[in-house]
Amino acid sequence: MPIFQGAVTVTDAPTRLDLWPANGAGTPAIRNMDSSVIVYVGNSGVTTSNGFPVKPDEVFSPDLRNYDGGVYGIVASGTVACRVFQVGG
């Protein structure tokens, strides 16, 4: 079973956060590395109004074993560093 890890810079446009290849289900752990900015996560149409908030220094780990649509993040302005770790695929 493969392991994926990486750093992703989230911007004010939807930014892909998951690292697995297409059709490679796995549960990612997404950590917001910022100390003050919220990252909002969702599908490719995520916005700061409809996304799930991941607070500063928080880890979000959704169960995506049966989902192939991708996980995206967005911030209100600027950029935020996130770390992603994922097993499976």
Side-chain angles (χ1 to χ4, degrees):
M1 190 174 298
I3 294 176
F4 302 94
Q5 73 280 330
V8 179
T9 301
V10 177
T11 69
D12 59 357
T15 306
R16 184 97 185 226
L17 288 169
D18 54 313
L19 300 171
W20 65 84
N23 300 318
T27 299
I30 301 164
R31 180 173 185 162
N32 177 353
M33 301 298 289
D34 201 86
S35 62
S36 62
V37 178
I38 296 172
V39 174
Y40 297 88
V41 297
N43 63 19
S44 61
V46 68
T47 68
T48 57
S49 297
N50 67 16
F52 182 85
V54 180
K55 296 176 183 174
D57 276 333
E58 188 173 74
V59 175
F60 177 62
S61 187
D63 182 355
L64 301 175
R65 287 176 284 185
N66 295 313
Y67 177 71
D68 273 343
V71 178
Y72 293 78
I74 193 168
V75 295
S77 64
T79 62
V80 168
C82 287
R83 298 289 186 272
V84 181
F85 181 84
Q86 184 174 345
V87 177

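Keep in mind that this is a model prediction, so the values were computed, not measured.
One finds the CG atom of D34 at 8.5 Å from the OG1 atom of T79 (value rounded to the nearest 0.5 Å). One finds the CD atom of Q5 at 7.0 Å from the CZ atom of F85 (value rounded to the nearest 0.5 Å). The line from CZ of F60 to CD of E58 is 9.0 Å long, rounded to the nearest 0.5 Å.
Partners of D57 under the salt bridge (charged side-chain N to carboxylate O under 4.0 Å, His left out) rule, at least two apart in sequence or in another chain, are R31. With sequence neighbours excluded, the residues satisfying side-chain contact (heavy atoms from CB on, under 4.5 Å) with N43 are Y67. V75 is linked by a side-chain contact (heavy atoms from CB on, under 4.5 Å) to V10, V37, V39, V80, counting only residues two or more places apart in sequence or in another chain.
In this structure the side chain of I74 never reaches within 4.5 angstrom of the side chain of T11, judged on heavy atoms. At a threshold of 4.5 Å between non-hydrogen side-chain atoms, the residues V8 and T15 count as touching. Counting heavy atoms from C-beta on, the side chains of I38 and P56 come closer than 4.5 Å. Looking only at side-chain heavy atoms (C-beta outward), S61 and I30 stay at 4.5 Å or farther from each other.
In plain terms, the two heavy atoms of A7 and R83 that are nearest each other are CB-NH1, 3.6 Å.
Here Y40 and F52 keep their ring centres 6.0 angstrom or further from each other.
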